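One structure is given below, encoded as structure tokens.
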There are 2 protein chains.
Amino acid sequence: MLAERGGAAFEDLTARARIRDAALRYFTEYGFTQATIREIARAAGVSPGLVRHHFGSKEALRQACDAYALEALHGFYDQTLNGDRLSHPRSTMDARHTLHPFQRYLARALIDESEAAARIFDDLVAMTERSLIQADRQRPDPPIADAASRAALMVAMALGIPTFHQHISRAVGADIFSDEGDRRVALALLDVHSHSVISPETAASLRDGLDEPGSGSGNRAPFTHSQEEHRHE
Amino acid sequence: MLAERGGAAFEDLTARARIRDAALRYFTEYGFTQATIREIARAAGVSPGLVRHHFGSKEALRQACDAYALEALHGFYDQTLNGDRLSHPRSTMDARHTLHPFQRYLARALIDESEAAARIFDDLVAMTERSLIQADRQRPDPPIADAASRAALMVAMALGIPTFHQHISRAVGADIFSDEGDRRVALALLDVHSHSVISPETAASLRDGLDEPGSGSGNRAPFTHSQEEHRHE
DNA sequence: TAGCTTCCTATACACGTGTACTGTACTCTG
DNA sequence: CAGAGTACAGTACACGTGTATAGGAAGCTA
């Protein structure tokens, strides 16, 4: 059985809320199909029959979780987009911490092809796209790709972190959802995102290479761009 | 049924190879659990019993696929690390294209907690780490995080692309595994990787913010780093 | 040709899982 | 107090899936 949420007191929640929370955790950890109603019910301390009573079906339970995660994420992003953030950094920090489970849930739901999750993804892309367009104005060189494509890649790459958290944790040497692991990841991300992997000149030459005929695919291999970089420099 | 591979002729392959190829595709598309032996057998044009005859069990079939993918990936990376790449860019392009399915398989296997996939992930991290250490020598400022952590994050983010390919495709407007979609992704990745999201000054101030006490977690929220950036500038 | 191995199919079984149904206790309302 | 509606448990069923087993067809060797 998965560990219970540290947040609200287990007994104080209604059975419906306990089921929803347990489903959130099991869907996140094992995926929609492998998570079983029986296990979720056991984690919530109720009978399997009660799950059906409250939610009707497993699919409806998923949708309830989707709606709950959507609400949590939207609430956070609305808050972030307001000016509150700079004035109350501490509370935003806590909110972000609270948000971790929902990010993991979202990543898993996207893999499990949830409709609602796909909509959230598109929302995130739209938000990122707006930010990119704003940032583009301060760039000396014009972007060589549309903002939507860049935004989608950034969101997907960001979601790669919670998706492969256990493998990252192995390399980092601490669970990235623990305080220590989270701190190391934050530092590493800060470093990675403040140093571009490809120099503008290399990018230009690679871009020229893309236009040449032959196999229509470009030089965009994951895993390899860093290696390619030093070869060129 | 999934589309057959365009590569080798379907009828020319041995039944064992057809089963392995079909399993590769189904494991990639639906994950290990949801992919069924019966569907794999149907896609391979054989009976379910033959799958057991050749591989013994579903788990053993998975390991065979893992070994096959590992071989393909290692073959490619060995080739990339040699000097061949610059002298034969075309062939490497084709190799990378051939590699796409294996990258997708790897990403899915990592989610499905395959032992072998985890080893491949660690190998990729080690390779990326070596490249980072080499690149660090040319940096004016010292890295604020160890190379292993940065490498793990880079690999995980890179794997986010094949993992969420269908959602990226929606934003890009074309299947990212098609020639046109792949070209757009290549351009967008070139642009993203040649322009750092965070300026060094902002990174420094954010880093200082990490050290302050309070909620132990750092400012590393996915989805939000780009927005935070312009707020600070 | 005889015998053996390998490739392959078809059938059967055990098990887990989602779902439906029945029954029971509790609560709320008039 | 009476009745209804709700929250819950327990059981039963249908179905899909991995696996085991038996048996047949094809090719190879002596």
Side-chain angles (χ1 to χ4, degrees), chain A residues 1-2 4 8-66 68 108-109 111-115, chain B residues 1-2 4 8-66 68 108-109 111-115:
Chain A
M1 189 197 284
L2 286 176
E4 292 165 9
F10 182 75
E11 299 83 1
D12 291 354
L13 294 173
T14 65
R16 189 180 206 283
R18 290 206 310 275
I19 294 170
R20 193 225 317 115
D21 287 357
L24 245 324
R25 296 200 310 274
Y26 275 80
F27 288 161
T28 301
E29 198 68 30
Y30 305 113
F32 177 72
T33 308
Q34 287 173 262
T36 69
I37 290 182
R38 283 169 174 84
E39 276 288 323
I40 291 170
R42 176 155 37 190
V46 299
S47 72
L50 192 62
V51 177
R52 171 174 164 77
H53 171 72
H54 277 299
F55 296 95
S57 71
K58 193 182 182 185
E59 179 58 37
L61 175 58
R62 188 235 289 259
Q63 288 173 11
C65 291
D66 286 350
Y68 190 69
R108 185 75 206 210
I111 296 167
D112 291 343
E113 308 195 56
S114 148
E115 298 273 344
Chain B
M1 189 196 284
L2 288 176
E4 293 166 10
F10 182 75
E11 298 84 1
D12 290 354
L13 294 173
T14 66
R16 187 183 157 86
R18 289 204 310 273
I19 293 170
R20 191 224 319 115
D21 287 357
L24 245 324
R25 296 200 309 273
Y26 275 81
F27 288 161
T28 301
E29 198 69 29
Y30 305 113
F32 177 71
T33 308
Q34 288 174 260
T36 68
I37 290 183
R38 284 171 173 81
E39 277 288 324
I40 291 170
R42 178 156 34 193
V46 301
S47 73
L50 193 62
V51 177
R52 171 174 164 78
H53 171 72
H54 276 300
F55 295 94
S57 72
K58 194 183 183 186
E59 178 58 37
L61 175 58
R62 188 235 287 261
Q63 289 174 11
C65 290
D66 286 351
Y68 190 69
R108 186 74 206 210
I111 296 167
D112 291 342
E113 309 196 53
S114 148
E115 299 273 344

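None of these values were measured; they are calculated from a predicted model. Below, chains carry the letters A, B, ... as their sequence lines are ordered, and counting in each starts from 1.
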| said: For Phe32(A) and Glu59(A): C-alpha separation, side-chain torsions, deciding distance, then whether side chain to side chain contact (heavy atoms under 4.5 Å, CB included) applies. | reply: CA-CA 9 Å; Phe32(A) 177 72; Glu59(A) 179 58 37; 3.9 Å; yes
For Phe55(B) and Gln63(B), run side chain to side chain contact (heavy atoms under 4.5 Å, CB included): C-alpha distance rounded to whole Å, both residues' side-chain angles, the deciding distance at 0.1 Å, then the answer. CA-CA 9 Å; Phe55(B) 295 94; Gln63(B) 289 174 11; over 6 Å; no
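Regarding Leu50(B), its CG atom lies at a distance of 16 Å from the P atom of dT11(C), rounded to whole Å. The OH atom of Tyr26(A) sits 13 Å away from the P atom of dG18(C) (whole-angstrom rounding). The interatomic distance linking Arg52(B) (CZ) with dT6(C) (P) rounds to 16 Å, in whole Å. For the pair Phe55(A) CZ and dG18(C) P, the computed distance is 15 Å after rounding to whole Å. What separates CZ of Arg42(B) from P of dA10(C) is a distance of 13 Å, to the nearest Å.
In summary, Arg25(B) and Asp21(B) do not engage in a salt bridge, as defined by a charged side-chain N under 4.0 Å from a carboxylate O.
Map His53(A) and Gly49(A) each onto its nearest nucleotide of DNA chain D; the residue landing nearer the 5' end is His53(A). Along DNA chain C, the nucleotide closest to Arg16(B) and the one closest to Arg38(B) are compared, and the more 5′ of them pairs with Arg16(B).
In summary, contact between chain A and DNA chain D, defined as any nucleotide atom under 4.0 Å from a heavy atom of the protein, begins and ends at dA7(D) to dA12(D) in the 5' to 3' direction.
Arg18(A) and Gly45(A) make their closest contact through NH2-O, 4.1 Å (heavy atoms, listed as atom of the first residue, atom of the second, distance). Smallest separation of non-hydrogen atoms from Arg62(A) and Phe27(A): CA-CE1, 3.8 Å.
Legend: residues meeting side-chain hydrogen bond (donor to acceptor under 3.5 Å, both in side chains) with Asp66(A), ordered by chain and number and at least two apart, are Tyr105(A), Ser114(A).
The shortest distance between side-chain heavy atoms of Asp112(B) and Thr33(B) does not fall below 4.5 Å.
Stem regions annotated for DNA chain C: C:1-30 with D:1-30, counting only runs of 3 or more consecutive pairs of Watson-Crick or G-U type with both contacts under 3.5 Å.
Using a 4.0 Å heavy-atom distance criterion, Ala60(B) is classed as making no nucleic acid contact. As judged by a 4.0 angstrom heavy-atom cut-off over every strand, Ala41(B) is placed among residues making no nucleic acid contact.
We find the OG1-CZ distance between Thr28(A) and Arg108(A) to be 9.0 Å, quoted to the nearest 0.5 Å.
With Lys58(A) contributing its side chain and Ala35(A) its backbone, the two residues share a donor-acceptor pair below 3.5 Å.
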